[in-house]
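Below you'll find the structure, written out as structure tokens, and then a few comments.
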Amino acid sequence: QFKKYFRWRNLKGKAFKIKFYYSEKDLISSRNYRNSLNSYSTTLYRQLHRHDALMLKPVIEAFKGLKIKYGLNRYEFLEAVVTFIQSIPYTYILDPGRACGTTIINSKGYKHSYPDLNCKPNIPPGCCDNVKPWGLYAPIEFLIQETGDCDTRTLLAYSILEKFNYDIAIVNSNKMGHSMLGIYVPFVPGNGHFGLTAVSRKKYYLWELTATGLNLGDNYDFYSNDWLVTYQ
């Protein structure tokens, strides 16, 4: 059995803590299902989200308790979930086409250097490679292993916040090779950046999950103009 215990602070410095338990059976189920897939983008996110949904109950119950204990309003609770995920150290998760310990330049000319393999959360970042099908861990894998990169994080955030009826989306940029959480929050003022759905043209404010201290709309990579809603 895995006892998971997390302590972190929100953007105002308020301390939170939660604990929950998962079994080896949960990890194996999540991992084996992810390994069985050969989808990409929207279909892959949907499959992993739906498969792990029922197994999320322990962390969902932990966050329900947190919300009640601290009397959090809707935005404060949203921030608590986001800062929880931000607090987990970054780990590169690479598909079989890339390898830890190497440097590549993608089709857009952006250079990426990957650290040596250790497959553990680390500062500076660690690295896991040969993760099929597309360098993405499922929500339960991320919670148990505490290893995840951008889209692994946005998928977990989506999977948790969807249970609390937030209007959210996974918003990706092919140019940047990056993923962020999109949130429709008409009650929040400001000029946060957004992705647009092809159907509703709804504005989703973006929230960066790969580093601590970043608020809604804060990011150093917003200059990309191809942010699009991938899964909602």
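Here the CG atom belonging to Leu209 is positioned 14.5 Å from the OH atom belonging to Tyr158, to the nearest 0.5 angstrom. Atoms OG1 and CG, from Thr83 and Leu214 in turn, are 11.5 Å apart once rounded to the nearest 0.5 Å. In this structure, Leu72 CG and Arg74 CZ are separated by 12.5 Å, a value rounded to the nearest 0.5 Å. One finds the OH atom of Tyr114 at 9.0 Å from the OG1 atom of Thr103 (value rounded to the nearest 0.5 Å). Here CG of Leu155 is found 10.5 Å from CG of Leu181. Values are rounded to the nearest 0.5 Å. Between atom CD1 of residue Ile85 and atom CD1 of residue Ile160 there is a gap of 5.0 Å, rounded to the nearest 0.5 Å.
Hydrophobic clustering keeps Leu117 apart from Tyr92 (ILVMFWY residues linked when any side-chain heavy atoms are closer than 4.5 Å, directly or through intermediates). Linking ILVMFWY side-chain heavy atoms closer than 4.5 Å, directly or via other members, places Ile28 and Met55 in two distinct hydrophobic clusters. Leu11 and Ile18 fall within a single hydrophobic cluster, where Ile, Leu, Val, Met, Phe, Trp and Tyr side chains are chained together by heavy-atom contacts under 4.5 Å.
Residues forming a side-chain hydrogen bond (donor to acceptor under 3.5 Å, both in side chains) with Ser39 (at least two apart in sequence, or on another chain): Gln47. Take Gln145 and apply the side-chain hydrogen bond (donor to acceptor under 3.5 Å, both in side chains) test, not counting sequence neighbours, and it matches Arg31, Thr147. Qualifying ring-ring contact (aromatic ring centres under 6.0 Å, His included) partners for Tyr45, counting only residues two or more places apart in sequence or in other chains: none. Listed by chain and residue number, nothing satisfies the ring-ring contact (aromatic ring centres under 6.0 Å, His included) test with Phe2 (two or more places apart in sequence, or in another chain). Every residue two or more places apart in sequence or in another chain that forms a side-chain hydrogen bond (donor to acceptor under 3.5 Å, both in side chains) with Ser23 is listed here: Asp26. Applying the side-chain hydrogen bond (donor to acceptor under 3.5 Å, both in side chains) test to Asp129 and every residue at least two apart in sequence or in another chain returns nothing.
The two residues Val171 and Gly182 have their closest heavy-atom pair at CG2-CA, 3.7 Å. The two residues Ala157 and Ile168 have their closest heavy-atom pair at O-CD1, 4.3 Å. Across all their heavy atoms, Thr91 and Pro121 have their closest contact at OG1-CA, 3.4 Å.
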Open item on the list: Please determine whether side-chain contact (heavy atoms from CB on, under 4.5 Å) holds for the pair Leu37 and Leu48, giving the CA-CA distance in whole Å, both sets of side-chain angles, and the decisive distance to 0.1 Å.
Closed with: CA-CA 9 Å; Leu37 301 176; Leu48 292 176; 3.7 Å; yes
TODO: Show your working on side-chain contact (heavy atoms from CB on, under 4.5 Å) between Val81 and Phe164 and close with a plain yes or no.
DONE: CA-CA 11 Å; Val81 174; Phe164 292 93; 5.8 Å; no
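Listed by first and then second residue, the salt bridge (charged side-chain N to carboxylate O under 4.0 Å, His left out) pairs involving residues 142-154 are Lys4-Glu146 (not counting sequence neighbours). Sequence neighbours left out, the pairs with a member in residues 82-103 that pass salt bridge (charged side-chain N to carboxylate O under 4.0 Å, His left out) are Asp95-Arg98. Applying the disulfide (SG to SG under 2.5 Å) test to every pair with at least one member in residues 62-102, sequence neighbours left out, gives these pairs: Cys100-Cys127. Contacts classified as salt bridge (charged side-chain N to carboxylate O under 4.0 Å, His left out) and involving residues 37-61 (residues at least two apart or in different chains) are given here: Glu61-Lys64. The stretch residues 12-39 participates, sequence neighbours left out, in these ring-ring contact (aromatic ring centres under 6.0 Å, His included) pairs: Phe6-Phe20, Trp8-Phe16, Phe16-Tyr70, Phe20-Tyr22, Tyr33-His51.
More than 12 non-hydrogen atoms from other residues, nucleotides or ligands lie less than 6.0 angstrom from CG of Asn73.
A donor-acceptor contact shorter than 3.5 Å links the side chain of Ser87 to the backbone of Phe84. A distance-only check finds no donor-acceptor pair linking the side chain of Glu208 to the backbone of Gln86 [under 3.5 Å]. No donor-acceptor pair closer than 3.5 Å links the side chain of Asn122 to the backbone N or O of Pro125. Looking only at distances, no side-chain donor or acceptor of Thr154 sits under 3.5 Å from a matching main-chain atom of Met180.
A donor-acceptor contact closer than 3.5 angstrom links the side chains of His49 and Ser159.
In this structure, Tyr137 belongs to a hydrophobic cluster whose other members, linked by side-chain heavy atoms under 4.5 Å apart, are Ile93, Val131.
Counting heavy atoms from C-beta outward, Glu76 and Lys14 have side chains that stay 4.5 Å or more apart. By the 4.5 Å heavy-atom criterion applied to side chains, His178 and Asn172 are not counted as neighbours.
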